[in-house]
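The structure appears below as structure tokens.
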Number of protein chains: 2
Amino acid sequence: MTKKEEKKFEHFLEEFKTLVTKKGFKNTVQKDCILKVLYFSKEHLSAEEITKKVQKEFDMDIGIATVYRSLNFFEQMNVIESLDVGDGTKRFEFKVEQHHDHMICTNCHKIIEFSDDFIELNQIKVAEKNGFILEDHIMTIYGLCEDCQ
Amino acid sequence: MTKKEEKKFEHFLEEFKTLVTKKGFKNTVQKDCILKVLYFSKEHLSAEEITKKVQKEFDMDIGIATVYRSLNFFEQMNVIESLDVGDGTKRFEFKVEQHHDHMICTNCHKIIEFSDDFIELNQIKVAEKNGFILEDHIMTIYGLCEDCQ
DNA sequence: CTACTTGCAAAAGGTTTGCATCTGA
DNA sequence: TCAGATGCAAACCTTTTGCAAGTAG
């Protein structure tokens with residue numbers, strides 16, 4: 001991670017922590033570490049993977065229960081989102097400004113991210129047409145990736 | 001279910017059973033019942049719900065293990081598909097000719113089905129652009145339904 | 001006949017929860 | 001100070017599996 005990215009994260013973290021306090025919750029080292037791992041991870045991690053990463057990268061004895069509680073908390077705070085890959089575990093990723101979707105290989109479970117403006121626009125239309133207040137959407141394409149064909 | 005629908009199902013079942021035999025698997029009363037329940041269900045059922053429905057509607061003592069095994073079998077045979085509603089269980093539905101997607105209320109978990117040609121076309125394009133051989137896709141929109149707003 | 005299926009119960013995951021202890025604001 | 005957070009282990013739920021018995025082709 002570059003210095004610039006690091007700075008960007010620090011800035012986000014600061015703002016986030018203010019919000020956490022304002023809502024009456026507490027900031028902890030554990031939460032910071034989990035968030036940092038998610039922020040800088042290129043992959044979509046499971047709770048167990050996050051636990052191990054935090055333990056390894058921060059030399060910290062974090063329990064998986066804390067990780068799950070934090071993940072649920074972050075999801076409610078709308079800074080991360082979860083993803084069903086179909087391998088039996090929930091996977092998590094930091095929520096970035098620009099929405100993107102996923103293409104998953106049914107053979108090797110590789111995940112490719114993509115974003116498509118048409119799809120973004122269309123889901124808004126579909127939601128409106130059905131009287132839904134749009135909160136989020138998931139578009140996942142399943143198929144065989146180039147390596148597995 | 002009307003007589004016409006019943007007829008349609010019988011016809012499908014007949015064809016499907018031929019395919020099952022041809023592939024070297026066996027047809028059983030249990031499989032027939034599960035398939036019938038899925039075919040005529042308006043809702044997206046969990047394995048447990050399917051088990052109870054079969055037990056009740058056909059007065060049959062089916063085990064949930066059989067239901068799970070059959071569901072996995074049907075999914076591989078490509079006649080049903082599974083759906084992650086976010087309530088901790090996999091839900092299943094019969095695969096109809098015309099693909100459709102889902103809109104799920106984050107409050108009451110109600111599921112509304114919709115289909116949109118633009119989305120159908122676009123996912124094909126996206127898959128091609130990334131060298132994927134398309135198998136399937138899921139587009140799920142999350143939001144608040146009219147009743148829950 | 002023989003390989004596929006079934007039902008039961010046990011096992012196996014992943015996720016949540018109770019509780020005593022700890023800690024941030 | 002004290003409500004919220006943590007770590008541990010136990011509990012929970014859904015799904016899978018081993019095995020002996022049953023059954024379709």
Side-chain angles (χ1 to χ4, degrees), chain A residues 13-35 37 44-55 58-77 80-92 109, chain B residues 13-14 16-35 37-38 44-55 58-77 80-92 109:
Chain A
L13 191 59
E14 204 179 302
E15 275 197 352
F16 180 68
K17 285 170 122 171
T18 310
L19 184 64
V20 168
T21 307
K22 200 180 294 175
K23 292 225 170 186
F25 300 105
K26 306 248 162 91
N27 292 299
T28 62
V29 196
Q30 287 85 343
K31 279 180 187 162
D32 292 1
C33 294
I34 295 169
L35 222 36
V37 163
H44 304 73
L45 304 170
S46 67
E48 203 183 349
E49 286 163 354
I50 293 168
T51 308
K52 282 185 184 153
K53 274 212 167 203
V54 170
Q55 288 171 342
F58 300 91
D59 194 32
M60 167 187 279
D61 214 9
I62 196 173
I64 199 164
T66 302
V67 173
Y68 274 110
R69 276 185 286 233
S70 300
L71 289 170
N72 288 337
F73 174 71
F74 294 149
E75 209 173 358
Q76 280 183 23
M77 295 291 280
I80 68 168
E81 55 191 317
S82 64
L83 173 67
D84 177 39
V85 184
D87 68 347
T89 66
K90 251 189 194 171
R91 296 185 166 273
F92 300 85
H109 296 299
Chain B
L13 190 58
E14 203 179 306
F16 180 68
K17 285 171 122 170
T18 309
L19 183 64
V20 169
T21 307
K22 201 180 295 175
K23 293 226 171 187
F25 300 107
K26 305 241 163 101
N27 292 298
T28 62
V29 196
Q30 287 85 344
K31 281 181 186 163
D32 292 0
C33 293
I34 295 169
L35 221 35
V37 163
L38 281 166
H44 304 73
L45 304 171
S46 68
E48 203 182 348
E49 288 164 351
I50 293 167
T51 308
K52 283 183 183 152
K53 274 211 167 204
V54 171
Q55 287 171 343
F58 299 90
D59 193 33
M60 168 186 281
D61 213 9
I62 197 172
I64 199 165
T66 302
V67 173
Y68 274 110
R69 276 187 285 233
S70 299
L71 289 169
N72 288 337
F73 174 72
F74 294 149
E75 209 172 0
Q76 280 184 23
M77 295 291 281
I80 68 168
E81 54 191 319
S82 65
L83 174 67
D84 179 38
V85 184
D87 68 346
T89 65
K90 252 189 193 170
R91 294 185 168 273
F92 299 85
H109 295 298

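First the proteins, then the strands, lettered A, B, ... as listed; each starts at 1. Fair warning: this is a prediction, and the values are worked out from it, not measured in the lab.
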(message) A side-chain contact here means heavy atoms from C-beta on lying under 4.5 Å apart; do B:Thr66 and B:Ser70 qualify?
(response) yes

(request) Check for a donor-acceptor pair, side chain of B:Gln30 on one end and backbone N or O of B:Val67 on the other, with a separation under 3.5 Å. (result) no

(request) Give A:Ile62 one of three labels, base, sugar-phosphate or nothing, depending on what nucleic acid heavy atoms sit under 4.0 Å from its own. (result) sugar-phosphate

(request) Indicate whether OP1 or OP2 belonging to D:dT23 is found under 4.0 Å from a side-chain N or O atom of B:Gln30. (result) no

(message) Closest-nucleotide mapping onto DNA chain C: is B:Val67 or B:Gly24 further toward the 5' terminus? I mean the 5' end.
(response) B:Gly24

(request) Provide, to the nearest angstrom, the distance between the NZ atom belonging to A:Lys26 and the P atom belonging to D:dT1. (result) 14 Å

(message) Which is more 5' along DNA chain D, the nucleotide nearest A:Ala65 or the one nearest B:Ile64? Just name the residue.
(response) A:Ala65

(request) Mind calculating the distance between CZ (A:Phe58) and C1' (D:dT6) to the nearest angstrom? (result) 17 Å

(request) Go through the steps for B:Lys17 and B:Asp32 under the test side chain to side chain contact (heavy atoms under 4.5 Å, CB included), then give the verdict. (result) CA-CA 9 Å; B:Lys17 285 171 122 170; B:Asp32 292 0; 2.8 Å; yes

(message) Counting only side-chain nitrogens and oxygens, does A:Thr28 get under 4.0 Å of the OP1 or OP2 atom of D:dT6?
(response) yes

(message) Is it the case that atom CG in A:Asp59 sees more than 12 heavy atoms from other parts of the structure closer than 6.0 Å?
(response) no

(request) Give a yes/no on whether any side-chain N or O of B:Asn72 is located under 4.0 angstrom from OP1 or OP2 of D:dT15. (result) no

(request) Please report, rounded to the nearest Å, how far the P atom of D:dA5 is from the NZ atom of A:Lys17. (result) 14 Å

(request) Whole angstrom is fine here: how far is it from CG in A:Asp61 over to C1' in D:dG7? (result) 9 Å

(message) Expressed as a whole number of angstroms, how long is the span from B:Glu49:CD to D:dC13:P?
(response) 15 Å

(request) Starting from P on D:dA5, measure out to CD1 on A:Ile34 and report it in whole angstrom. (result) 12 Å

(message) Going 5' to 3' along DNA chain C, which are the first and last nucleotides with any atom under 4.0 Å from a heavy atom of chain A?
(response) C:dG14 to C:dA25

(request) Mark yes or no for whether B:Lys31, through its side chain, and B:Phe74, through its backbone, hold a donor-acceptor pair below 3.5 Å. (result) no

(message) Without decimals, in angstroms, what is the distance between B:Asp84 CG and D:dT14 P?
(response) 13 Å

(message) Please pick, from D:dA9, D:dT14, D:dT6, the nucleotide with the shortest atom-to-atom distance to any side-chain atom of B:Glu48.
(response) D:dT14

(request) Would you mind reading off the distance between A:Phe73 atom CZ and D:dA3 atom P, rounded to a whole angstrom? (result) 18 Å

(message) Just so I know, are the side chains of A:Leu83 and A:Lys90 near enough to count as touching, which here means a heavy-atom distance under 4.5 Å?
(response) no

(message) Does B:Phe25 reach a base, just sugar-phosphate, or nothing at all? Heavy atoms under 4.0 Å.
(response) sugar-phosphate

(request) Verify the contact: side-chain N or O of B:Thr89 to OP1 or OP2 of D:dT14, cut-off strictly under 4.0 Å; return yes or no. (result) no

(request) Rounded to the nearest 0.5 Å, what's the gap from CD1 on A:Ile34 to CG on A:Leu71? Could you check? (result) 6.0 Å

